[in-house]
Every structure is written in structure tokens, then in C-alpha cells.
Amino acid sequence: MAEKVKRRRKHSYKREKKLNRSMAGNTLLFVLMGICGVAMALPLVMVINNALKPLDELFQFPPKIFVRNPTLENFSDLFILMNDTWVPFSRYMLNTIIITGGGMVGHVIIASLAAYPLAKHNFPGKKILFLLVELSMMFSWTVTQTPQYMIISWMGINNSYWALILPACAFGMGLYLMKQFMEQLPDSLMESARLDGAGEFRIFWSIVMPNVKPAWLTLAIFQFQQMWGNTGGTFLRDEQLKPLQYALYQISAGGAARAGAGAAVTFIIAAVPITFFLICQSNVLETMTSSGMKE
Amino acid sequence: MADTNDRSEHALEVAKKQGKLWYQIKRSKASYFMIAPYFILFFFFTVLPVVMAVGFSFTYYNMLEMPTFVGWKNYIKLFLEDDIFMKSLKNTLILAVITGPVSYMLCLLFAWIINEFKGKLRAFLTLIFYAPSICGNAYMVWNLILTGDRYGYLNGILLKLGILDEAVQWMQTEKYVLPFLIVVQLWLSLGTGFLSFIAGLQTVDKSMYEAAALDGVKNRWQELWYVTLPAMKPQLRFGAVMQITSSFAIADVSLNLAGNPSVNYAGATVVTHLLDYGTVRLEMGYASAIATILFLLMVGSNQLIQKLLRRVGE
């Protein structure tokens, strides 16, 4: 069975390559990608180089992009500083795992669960609910922060993980994204499962979700970035609840003396979501959901 | 007599409709169950705050005292007295009209080109192009390039080539601010829309390309227009909404490169103006009024764009 699938993939891969592609077009695209790629890679190149620069190079004037005498000093400085934080550093990490994980997994599951009926069922109120979601994305987040803070205080969940996780679960973007992808699934797919006696939850979990894997992996990337960048801001007062991001900013905020550690912090803050991004993206690109499935 | 007959018939119809509606609601129990967790949270943390903010826009509210109702005063002040708002509205419209469509096309174009590559190379390319959105130091790069002395990269190159005689303070010169903001914003455009297009291209049925080739589609451009784009209309809609929300809300790029306030407000946008009132002057009522105007602007353009998108592939 597996072999058959493999052979079919190989086959379709070959066919796909040959269709409607000219040499001149390919060359043009390669050149274009090369030029633009260099410009887009700049921030990445700079983060890496700065993290490896010794202090004198960090303060060199005029500044250079590339490092001349790479060193790992910045990282060892950072690790020393990590050891005398108020709360043990592992506590910040745990907080980040809970907040980022909760906000990401919670949003992906809850939003997907709501997106399925909105995309594939017919029920009164469906259109207006979706319209609300679409409109909500266009209201400036700056001014809704204050009322949101009030609501969170009224609920009494201020100064807890919930104050960050629950609002994150209610973002409009995830539902919108998931609904758009689910709309593309052929109805026949769910119909046949229904004939087999599967309930709606089961259809959602074992048929719809696997078939929109690229969508929820992409949503996970967005949500991870969003939650990872959260410093806890106004909601978390207790030092024991604050996330890694906050602790790292505190360390690097020490002015010139900590510029080296600061460069290492910038690197770590970028490296974590990039790692997550690469894991998710390579999975997005591997799923060959559609071929043979849509009729 | 005929009149009463009509009326009772009408009543019967209404009753039938109500019965049908009730029946439909009861039948859809599973659907409501599934949407409940999301929409309960959505109501409390998204809808309610928006409704409250719109409410605040009719008040004077400094976040210390209770808000006092002032009617349309904030809106009237915005359009009749606030010159900076008018300037920022103009800047925002220029930025949105230029960067919006171009960014959207770039997202689509690059997602589509990357889709031509395979395996690890493709994941790597996606990372490179998404890097400005994920690295968090994007503005640092541009500050290096646009620094106003002769060590700024752009000045350095232009001086060496003899195009300039002396260094130009790019971000302190009114006429250069907006063009550079546009360039940087375009460079930053491969974000949410881009990734959702990458994912969307994955779900296009491969057999459709074979069928199209048999039907006489000759090159990749035709294939794009007649096969790929129509197949990913849902993603195109999503991308358009995301593009609108980001293009009209341009602010970070201006704050980081041109500063706030920027020289002669050349880089002021609706959102920098909003941030000024909302986070610096703490006039929440006025800031909410700005947000409401911005919201209406986005809703209007969304209507227009969605209409255009329906024509894709025709």
C-alpha cells in the first residue's frame, strides 16, 4: 500500500514538472529570487553576526554588518546574567511554555472547531457570526486594549495566565483562516463519513483536521509568534508569572555594559520562533493532501 | 372579509416560518455546540471591547475620571479642527493605496514562485522571505542604511558614485519620508498573507493542472490565472482582509524610522496619531473616535476588494 502511494507520488511529481514550464521563465524566476532573497535575508544575517561580535566590534563606528573575530562571549555573558535574576530562570521558561503553548494550542483547537460548522454546516445565524469575526479584525487593537483590561479585571483573572491565554483564544484571524481552508474541502468527504455513522465531532477531528493540516500549521506559526512576543505587559504583576521575553528584555536593558548580552538576547528571541517556523513549514510542505482526495 | 383572510394567512405563514426556524435551530445543535467555546470567548474579549471603544468615542475619557458623554464632539473636532489628523489621513491613504495592492501582489507572486521549488530548499526560501517578519530587528537594518551622515549605507554609496555632494538626512527631509516609508513597508510585506498563500497553494488539487493542460492552457501565467487563482479564492479573500488591516494600520515603520512626531508630520499616519492620543495624551475618547473612523475606512475598502476578487479567473 505504502509503496503504491510512493510510486504514485513520484509519478505525479515528474508529470508536474514538465507541465507548462519554459526554460527562459525558470531562469528569470531564479535570478529574481536571488536578488530579492539577498535583500530579505539582511535582518537574519545581522542578528547572527551581531550575536557573534565581540564588544569592540558592536560599538565600532561606522558599523559593519559582518563580524570579523567571531566569539561566543556574548552568550556566556548572558548565561552568567541569567543566574542572578530575581526568580530562577527556569521559572520564566515554564511561564513562557504555559502561556505560549496555551494560547497557541487553545486558539488553534477552539477556532478550528468553530470554523468547521461555519464552513460546512447550515444553521441560522451563521452568516452574521462570520461577519462579526471579519469586522472585528479591522478594529484598531490599541483602543480595545483598555476595555479589554477592564473586562479582564471584572472577571478577576488579572494577574494570572488566563489573562493572556483566554483573549488569545478569541483572535479573529485564526477562525477566518481555518474557515477559508475548510470551505475548499469537498462535501462528499464528510457525507461519506456521515453515512458510515460518524458524529460531527469525529468528522471534525479525524477527517477535516488532517485534511487542512497546512492551514493549522500556518496558524500555529502566527499564534506562536504572537504569544512568544508577549511580555505579559499590564496583566501580570507577579514576578513568578512573567514570561521569558520579559526577563530577557530586563537583562538586555542594562545599557552599554550589557550590549553583548543584548545581542545574544536578540538572537535567542529570533531563534526560537524561527526553529518553530522551520518545523511547521517543512510539515506544511510535505503534506500532499489534495491529490487524489478532491474529486 | 378578504382583508381578514389575508391577515390570518399571513399569520399562519409567520408561524410556519418561526416553527421552521426553531426546527432548524434544534436540528443544528451539534453546530452550535462546536462554535460555542470560540464565540463565548470572542464575545467577551473581542466584541465587547470593540463595542465599548465605539461607546467611548462619544465621550471625554482620560482614564482617570469616569467618561463624560460629549456626543459627536470628538468626530467634529477630528474633521474640522485637527489639521494633523487630516495630514495623517492623507498619508495613510497614500500609503494604503500604494503598498496595499503591491504588497498583496508580492505576497502572491513570491508564494507562487517558492511553490515551484521542492523540499528543503523551499522551506529555506520561505524562511528567508519571511525573515523580516520574524527577526524583530527589521528597522535596525533600515536605520543603518538610512543614517543621515556619510556613514549611512545609502549616503556612502551615493557619495562614492558622485551622485551626491554631501550626505542627506533622509528621514529628516520632508519630501523623502513618505517614499522611504513605502519602500520599507513593501520590503516588510511578506507576512501573514504570504504564509497563508504558501499553505493555500498546497491545497490546490494537482490533477487540475493536468486537466488544464489538456484543455489548452499553454504557459505558467495562464495556468496561474485559470487554474491556481480560482482554486485558492478562499485564501485570496483571507489575504485581502489581512492586507487591508495592515496597510491602513501602518505605524511601526513610521515610528521607528521617522520618529514621532516626524519632521513636519511628514510620516504621520492615522495610527501614529491614534497612538499619540491613546498612549501619550491618554485621551481615550478621542483615540476611540480615530479608531472608529479607521474601522469604517477598512470596512469600506474591504467591500470593494471582495467585489473585485469575485472576478478572478473570469
Side-chain angles (χ1 to χ4, degrees), chain A residues 12 16 19-21 25 29 33 37 40-44 46-47 62-63 110-111 113-114 116-117 121 123-124 136-140 142-144 146-148 151 166-167 169-170 172 175-177 180 183-184 200 214-215 218 222 266 269-270 273-274 277-278 281-282 284-285 289-291 294, chain B residues 21 24-25 28 30-31 34-35 37-39 41-42 44-50 52-53 113 122-123 126-129 131-132 134-138 141 144 151 192 195-196 199 202-203 205-206 209 213 217 219-220 223 234-235 237-238 241 245 274-275 278 284 287-288 291 294-295 298-299:
Chain A
S12 71
E16 196 191 342
L19 279 177
N20 292 324
R21 295 293 178 268
L29 291 185
M33 290 301 275
M40 303 305 276
L42 263 180
L44 201 60
M46 259 186 77
V47 170
I110 290 177
L113 192 62
Y116 169 52
H121 292 171
F123 57 92
S136 76
M137 289 159 68
M138 299 181 193
F139 207 88
S140 180
T142 323
V143 289
T144 54
T146 312
Q148 208 181 59
I151 292 167
L166 289 182
C169 290
L175 180 116
Y176 200 121
L177 182 80
Q180 296 303 85
E183 238 165 34
Q184 290 178 311
E200 288 305 308
T218 305
F222 296 146
T266 314
I269 285 177
I274 284 177
F277 174 91
L278 281 176
Q281 266 305 311
S282 48
V284 166
L285 302 177
T289 42
S290 359
S291 52
K294 281 184 191 170
Chain B
L21 182 70
Q24 275 180 343
I25 289 177
S28 316
S31 311
M34 296 172 100
I35 64 170
Y38 176 82
F39 277 98
L41 291 177
F42 179 70
F44 281 111
F45 296 109
T46 309
V47 176
L48 203 55
V50 169
M52 284 168 74
I113 295 176
R122 180 155 138 180
T126 315
L127 172 66
I128 295 285
F129 282 80
I134 210 170
C135 276
N137 70 334
V141 177
L144 269 185
Y151 297 112
T192 320
L195 280 198
S196 66
Q202 278 302 298
T203 61
D205 186 354
K206 310 285 182 293
Y209 293 119
V217 165
N219 53 44
R220 66 180 96 204
E223 188 185 281
Q235 284 81 16
R237 274 195 66 175
F238 172 79
V241 172
T245 57
L274 193 163
L275 285 169
M284 257 352 238
S288 300
L294 185 66
F295 171 72
M298 288 192 199
V299 172

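By convention in this document, chain letters (A, B, ...) are assigned in the order of the sequence lines, proteins followed by strands, and residues within each chain are numbered from 1.
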Between A:Ala270, A:Ser140, A:Pro167, the one whose heavy-atom pairs under 4.5 Å with chain B are most numerous: A:Pro167
B:Phe129 versus chain A, the contacting section by heavy-atom distance below 4.5 Å: both
Interface moiety of B:Leu144 toward chain A, non-hydrogen atoms closer than 4.5 Å: side chain
Within 6.0 Å of CZ in A:Phe123, more than 12 heavy atoms from elsewhere: yes
Part of B:Val141 lying under 4.5 Å from any heavy atom of chain A: both
A:Leu113 vs B:Tyr38, side-chain contact (heavy atoms from CB on, under 4.5 Å): CA-CA, chis, key distance, verdict: CA-CA 8 Å; A:Leu113 192 62; B:Tyr38 176 82; over 6 Å; no
Pairwise side-chain contact, A:Phe277 with B:Leu195, heavy-atom cut-off 4.5 Å (strictly under): yes
Shortest non-hydrogen contact between B:Ile35 and A:Ala114, atoms and distance: CG2-O, 3.5 Å
Contacting moiety of A:Leu278, where chain B heavy atoms sit under 4.5 Å: side chain
Winner by heavy-atom pair count (cut-off under 4.5 Å) against chain A, out of B:Leu41, B:Ile134, B:Thr245: B:Ile134
Steps toward side-chain contact (heavy atoms from CB on, under 4.5 Å) verdict (A:Met137, B:Met298): CA-CA 10 Å; A:Met137 289 159 68; B:Met298 288 192 199; over 6 Å; no
Heavy-atom proximity to chain B below 4.5 Å, by part of A:Thr218: side chain
Options A:Ile269, A:Leu42, A:Thr146, A:Ile151, ranked by heavy-atom pairs under 4.5 Å with chain B, top entry: A:Ile151
Distance-minimising heavy-atom pair for B:Ile25 and A:Pro124: CG1-CG, 3.7 Å
Set of residues satisfying side chain to side chain donor-acceptor pair (under 3.5 Å) with respect to B:Ser31, sequence neighbours excluded: A:His121
Option that, when pairs with chain A are counted at under 4.5 Å, heavy atom only, ranks first among B:Ala199, B:Ser28, B:Ser288, B:Gly278: B:Ala199
Contacting region of B:Leu274 [heavy-atom separation from chain A under 4.5 Å]: side chain
B:Val299 side chain reached by A:Met138 side chain, heavy atoms, under 4.5 Å: yes
Value rounded to 0.5 Å, distance of CZ in B:Phe44 from CG in A:Leu166: 11.0 Å
Closest non-hydrogen atom pair, B:Phe45 against A:Gln148: O-NE2, 2.8 Å
